[in-house]
Number of protein chains: 2
Amino acid sequence: MTTTGNSPMRSVHRALDVLKVLELAQQPLRLTDLAQRAGLHVATTQRLVGVLTEHGYASRHANGYTAGPAALSTAHAFATTSPLRLVARPVLEEVATTTGLTASLYVRVQDTRVLIDRVEGGRRPHYSLPIGERLPLYPGAAGKVFVADEDPDAVAARLAPVALADGTLLDTEAVRADLRRVRENGYAVSVDERQIGTTAVAALITDTAGRPLGSLGLSGATSSLRDVTATPLPADTRRAAHAIGARVPAAT
Amino acid sequence: MTTTGNSPMRSVHRALDVLKVLELAQQPLRLTDLAQRAGLHVATTQRLVGVLTEHGYASRHANGYTAGPAALSTAHAFATTSPLRLVARPVLEEVATTTGLTASLYVRVQDTRVLIDRVEGGRRPHYSLPIGERLPLYPGAAGKVFVADEDPDAVAARLAPVALADGTLLDTEAVRADLRRVRENGYAVSVDERQIGTTAVAALITDTAGRPLGSLGLSGATSSLRDVTATPLPADTRRAAHAIGARVPAAT
DNA sequence: ATGTTTCTATCATAGAGTGATAATCGGGGG
DNA sequence: CCCCCGATTATCACTCTATGATAGAAACAT
């Protein structure tokens, strides 16, 4: 899996890789399994999960290891201290109520995005609690905006081919074209890309220095969002994203 | 802070210590600050948070580092895969509705306990989301049960003196006496210990082999829980805790 | 019981982690 | 505008830790 070759801090890198494997597995993993998926020697893996377990970030059960409870604590701390999250909250709420759509806040973690906060616009509050979900960068409006400003060729080559929810495969060229449009527009649109029946508009959130902080996505039923590009929604999204970024103190 | 002397896997231990410092700080910490609290050299600390940040477990802002978004992902994974949590859920719900009290599930992490899940019994759902909160082992019924079975002298010496919510200080002897009672009873009671106005009854959850897995606490207003020891609540709590433990596959 | 798999312990060697030192950056005040 | 001070980043030689091959011990299934 995530091969962290030879490098300084190797053991720490590896430990976090192991943790990531546990996270992605979504089921208890036996030591051997874990080692295999992490691409590490069994002995090494054992030492690493041992430490993780000791600190509560991994957990051992009858049928293997899973992520551990300490992650909840750290997540709790993140949720209550992250400047971005704190600053964005009121904006999410406002935009969710005015548009009736679901407002989602993502941040990028390596080549994935993580859902940091969400305010449902409609009535039915989803009972699945998706906060913390890790999603790919490409299918999905709120992911694309992260890579739209990078070198199109490199990105497209790295991400493609991409499979959409309906089974369509996007080749390098299609991805590149799409990303170019995102860059030109300053916002991204996704129609049934990741979830059939869901349309989303998203914009990048940057600090005052222009550094990317996260992304704001507004999503709703495709049926009620025909031809979004012709509506004021994209502009609203950009405005909201800008409002968030403007209130976050710029990092050095 | 958590001094992890010389030992194998030192860097990993230290990395997790740094993460713990970030978690406990509850505010952005500058590098220097962080190093100081972690008891590490600044250069070392920088390398460690660097790795943590790269993987998303720490986050850098204008005014320092905080815990990072990846913790949310890991927490999400934990929440959806932890056998204990999954098995306990229905029991929490049942006991919360039948008693009208709040049912809380804790697990132990080193010398702390972490709130893993909670079902509110009353009507007013607290809008603070306390799941993930890290609390001390001693004040509080659901914490005491974790240490009641250990060597009383050692534990009492390690934890005392303890400050209660009303300002009372418990010395070693008082702690020991209290823990002895917990052990004899098989459950713990806390009246206004950690939260003034809140009374709780808790029991240890063990697997079929007797190993401690977590603890179950039932809490409510002190005013409505006079003389709990004389009620069937303790027995109910123990029964529920046992029901949970019985459904968790025993670890090796 | 007996084979088979999974987990834990041991150990020599390579090479990574460490921390002192120095260079660089950034911001505030004079 | 410049200087100064605190904070952050880079450099580097030495020590000691992390590594993985191997072997041993459990656990498990047949």
Side-chain angles (χ1 to χ4, degrees), chain A residues 1-19 21-22 25 27-55 57-66 207-211 249-252, chain B residues 1-19 21-22 25 27-55 58-66 207-211 248-252:
Chain A
M1 113 127 288
T2 317
T3 312
T4 309
N6 283 38
S7 74
M9 293 294 133
R10 181 157 61 145
S11 53
V12 180
H13 275 287
R14 288 176 158 186
L16 298 181
D17 283 345
V18 166
L19 193 48
V21 170
L22 287 179
Q27 61 168 319
L29 289 185
R30 321 231 48 164
L31 178 59
T32 314
D33 224 354
L34 184 55
Q36 205 163 348
R37 301 201 193 195
L40 297 174
H41 191 107
V42 189
T44 306
T45 308
Q46 180 182 226
R47 285 186 295 255
L48 293 174
V49 286
V51 178
L52 289 173
T53 305
E54 194 179 323
H55 289 254
Y57 288 95
S59 204
R60 195 181 185 173
H61 319 348
N63 32 336
Y65 292 93
T66 66
D207 63 14
T208 53
R211 252 178 305 259
T252 302
Chain B
M1 114 129 286
T2 317
T3 311
T4 309
N6 282 38
S7 75
M9 293 293 131
R10 181 159 59 147
S11 53
V12 181
H13 275 286
R14 287 176 159 186
L16 299 181
D17 283 346
V18 166
L19 192 48
V21 170
L22 286 179
Q27 60 165 322
L29 289 184
R30 321 232 50 170
L31 178 60
T32 313
D33 226 353
L34 183 55
Q36 205 164 346
R37 300 201 193 194
L40 296 174
H41 190 106
V42 189
T44 305
T45 308
Q46 180 181 226
R47 285 187 295 257
L48 294 174
V49 286
V51 178
L52 289 173
T53 304
E54 194 178 325
H55 289 253
S59 204
R60 194 180 185 175
H61 315 63
N63 32 336
Y65 292 93
T66 66
D207 63 14
T208 54
R211 252 179 305 259
V248 178
T252 302

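The chains referred to below are lettered A, B, ... by the order of the sequence lines, with proteins before strands, and numbering in each begins at 1.
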Hey, which of B:Asp17, B:Val21, B:Leu34, B:Thr45 is the one that makes side-chain contact (heavy atoms from CB on, under 4.5 Å) with B:Leu40?
-> B:Thr45
Considering all heavy atoms, the nearest A:Tyr65-A:Leu22 contact | O-CD2, 3.6 Å
Mind calculating the distance between CZ (A:Arg14) and P (C:dG15) to the nearest angstrom?
-> 13 Å
Considering all heavy atoms of both residues, which atom of B:Ser11 and which atom of A:Ser11 are nearest to each other, and what is their separation?
-> OG-OG, 2.8 Å
Hey, does B:His55 have a side-chain heavy atom less than 4.5 Å from the side chain of B:Val51?
-> yes
Nearest atoms (heavy-atom pairs only) where A:Arg60 meets A:Thr53 = N-CG2, 4.5 Å
Correct closest heavy-atom pair for A:Ala38 and A:Val18 would be CB-CG2, 4.3 Å
Rounded to whole Å, the CZ-C1' distance (A:Arg10 to C:dT18) equals 17 Å
Could you check if a side-chain atom of B:Leu19 sits within less than 4.5 angstrom of a side-chain atom of B:Leu48, using non-hydrogen atoms only?
-> no
Over how many whole Å does the gap from B:Leu48 atom CG to C:dG19 atom C1' extend?
-> 13 Å
Nearest-Å distance for atom pair CG/C1', residues A:Leu40 and D:dG20 = 11 Å
Distance, nearest 0.5 Å, that separates CG of A:Leu29 from CD of A:Gln36 = 10.5 Å
Scoring nucleotides 7-14 of chain C by protein non-hydrogen atoms under 4.0 Å (B base, S sugar-phosphate only, - none) yields SB------
So does A:Thr44 get a side-chain nitrogen or oxygen closer than 4.0 Å to the phosphate oxygens (OP1/OP2) of D:dT19?
-> no
To the nearest angstrom, how far is B:His13 atom NE2 from D:dT17 atom P?
-> 12 Å
Helix axis bend for the helix from C:dA1-D:dT30 to C:dG30-D:dC1 - C1'-based end axes, five pairs, 10° rounding = 50°
